[in-house]
Amino acid sequence: MDVLDFIHDKFSQDCAIGTVLHLLMAHYDLSAEEAQNKIDEYFEIVEAMDDQKKTIE
């Protein structure tokens, strides 16, 4: 499973950001900084998608 798919899956399960951070570190052997960067990347993508939806409406 791709890291971003993993993050999406965990947030879909209502996991807290801290929980997702620790799961990324454990499952993907990432440092705290690397895991946070992946979470930030995920939120940037979600925001871009939301902005695109607003322009379509």
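In this chain, residues are counted from 1 in sequence order. Note that the coordinates shown come from a computational prediction; the quantities given were computed from them, not determined experimentally. The analysis underlying the following values was restricted to heavy atoms, covering all of them including side chains, and did not include hydrogens, waters or symmetry mates.
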Euclidean distance, [Y] [atom2] relative to [X] [atom1], rounded to 0.5 Å:
X     : Y     : atom1 : atom2 : result
Leu30 : Leu21 : CG    : CG    : 9.0 Å
Gln52 : Ile56 : CD    : CD1   : 5.0 Å
Tyr42 : Leu24 : OH    : CG    : 11.5 Å
Asp50 : Ile45 : CG    : CD1   : 12.0 Å

With [X], which residues qualify under side-chain hydrogen bond (donor to acceptor under 3.5 Å, both in side chains), at least two apart?
X     : value
Glu34 : Ser31
Asp40 : Gln36
Gln13 : Asp9

- Only one of Leu23, Val46, Val20 forms a side-chain contact (heavy atoms from CB on, under 4.5 Å) with Ile7, so which one is it? Val20
- Query: What are the two closest non-hydrogen atoms of Tyr28 and Asp2, and how far apart are they?
  - Reply: OH-O, 3.7 Å
- What one should report as the nearest heavy-atom pair of Met25 and Ala35 is CG-CB, 3.9 Å
- Query: Taking the side chain as C-beta and beyond, is there a heavy-atom pair between Leu4 and His8 under 4.5 Å?
  - Reply: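 SC-SC contact between Leu4 and His8 ruled out.
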- Message: Is it true that, when you exclude Asp29 itself, more than 12 heavy atoms of the residues, nucleotides or ligands shown sit nearer than 6.0 Å to its CG?
- Response: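 Count not over threshold, so no.
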